[in-house]
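Structure, as structure tokens:
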There are 2 protein chains.
Amino acid sequence: MGEKYYATVAVDVALFVILHKRLHVLLVERGHPPFAGAWALPGGIVEPEEPLVAAARRELAEETGWERVPYIAQLAAFGDPHRDPRGRVISIAYWAMSPRAGEVRGRDDAARARWWPVDALPALAFDHDRILDCAYNRIRNHVAQDYRYLFHLVPAPFTLAELRTALEAVLGRPVNARNLRRFLLAQGWLKHTGVRSSGRGPGRPAQEYVPLPEAIPTSPEDRCLP
Amino acid sequence: MGEKYYATVAVDVALFVILHKRLHVLLVERGHPPFAGAWALPGGIVEPEEPLVAAARRELAEETGWERVPYIAQLAAFGDPHRDPRGRVISIAYWAMSPRAGEVRGRDDAARARWWPVDALPALAFDHDRILDCAYNRIRNHVAQDYRYLFHLVPAPFTLAELRTALEAVLGRPVNARNLRRFLLAQGWLKHTGVRSSGRGPGRPAQEYVPLPEAIPTSPEDRCLP
DNA sequence: GGAATAGTGTCTCTTAGACACTATGTA
DNA sequence: TACATAGTGTCTAAGAGACACTATTCC
């Protein structure tokens, strides 16, 4: 294998959050061609000495202004020969989750960044619709298989109802409250903080919980993926 | 994103088969530096106009002499800045399965290719031990979650005992024959071919089955991954 | 007959689903 | 009080695990 052929290597990131009881993803508006004015996943070129996941984190930080997202994992490589009209670009896609869903500032004042509900997306640049499809599948499957991933989507301390709302947002279907409660409490993942949330509208106040540190899934970064 | 930086893009493939009731993977002996003489996953550079999975298939065909493996899926991208001493090489790894486990011929007479049991591997070139670790995890998780993947590891027609042997090889632990049989027959995945295998040693001959075409998992190639 | 492999009957335990019920807050 | 949300008791059905049993072949 002689280094015969070179391609551009980029990263793109699908960052998911829960907003207004719905699953949202971060998109940025492109300021330059190609696809100027279209919405796209945050991303960019990998630097020569930069690990892939570091590039993903850097691009995310540049778009959000946040220093660190608590969970990020590789999604897949997208390398269709003509996915970028400028030439061959292989994109390593990542997916990430954050319990913070506050203001995001764009890369500069020209570029806008905002949260979009995953079930009402705009048209996307490049093959980002495919990437996002893939990422959405991934987060659903992961969360469905291990509810502990919810701890990265819901800020602690949380009530069991908040966990359920997040789960329903990710799965896109209602979840039986009784069964979820029974399951979560049986796992021993949660520490009960005597505190009760109250004052938020009518209804009985709920108990608040914090996840045990060892129950929080660690970010695989670029380690082995299941 | 101006095309500032270029890297070499390669593919590597972990092809799994069942051999002598054990899970094996295809490795090739490197003929040239770096890592001359060491064993490595089959792989090579992606051509300019070549889709990634096509490159993976091509490299596999060159190493095995087989035209087509029935299942191949993307594993992950490995892009550590110094994983290749010659410079920056991003490798897109694939994993594949085949029910054929016969002779493989090397790329040429100089390069050897052979099957290695996954639980007794030699030292590997580059970061291929990490890739293979990842691939082994992947096949285990996939098969454990959906036994239909076994149809790509066991040549049809097969007996339920053959399926069980393959499953045990992949999972690395014994599986209860009664429960597996009950489960498989309940799924309606199998068509009973009246044929009975016989003449192979002592014991009652077993019924033979063929998987229904719609029960055979299709190769995702580069479509969305779960 | 004995060894080896294929296949069955059936009990238990765990878990998910469903749903009616009670508890405690706000307006 | 009515209403909304939190939380409990409990029946049911499905599936996994275990294990003793029968069936059919080769030697």
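Sequence lines set the chain letters: A, B, ... in the order given, protein chains first and strands last, and positions in each chain run from 1.
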Parallel, tilted or perpendicular: ring planes of A:Phe126 versus A:His128, cut at 30 and 60 degrees: tilted
What is the ring orientation for A:Trp189 with A:Phe183, classed by angle as parallel under 30°, tilted 30 to 60°, or perpendicular over 60°? perpendicular
Detail all sub-3.5 Å separations between protein N/O atoms and N/O atoms belonging to nucleotides 3-5 of chain D.
unit_1	atom_1	unit_2	atom_2	d
D:dT5	O2	A:Arg204	N	3.2

Tell me which residues in residues 173-186 of chain B put a heavy atom below 4.0 Å from DNA chain C, sorted by number, or none. B:Arg178, B:Arg181, B:Arg182
For the atom pair CD (B:Gln187) and CG (B:Leu185), what is the distance rounded to the nearest 0.5 Å? 9.5 Å
In A:Leu15, A:Leu52, A:Leu41, the residue satisfying side chain to side chain contact (heavy atoms under 4.5 Å, CB included) with A:Tyr94 is A:Leu52
Can you tell me how far [atom2] of [N] sits from [atom1] of [X], to the nearest Å?
X	N	atom1	atom2	value
A:Gln207	C:dG25	CD	C1'	13 Å
A:His192	D:dA6	NE2	P	14 Å
A:Leu167	C:dG17	CG	C1'	15 Å
B:Leu160	D:dA23	CG	P	19 Å
B:Phe158	C:dT5	CZ	C1'	19 Å

Run A:Asn141 and A:Arg138 through side-chain hydrogen bond (donor to acceptor under 3.5 Å, both in side chains) and show every step you take. CA-CA 5 Å; A:Asn141 286 326; A:Arg138 182 70 64 95; over 6 Å; no
Does A:Glu59 use its side chain to pair, donor to acceptor, with the backbone of A:Ala56 at less than 3.5 Å? no
Any donor-acceptor pair under 3.5 Å from A:Arg57 side chain to A:Val69 backbone: yes
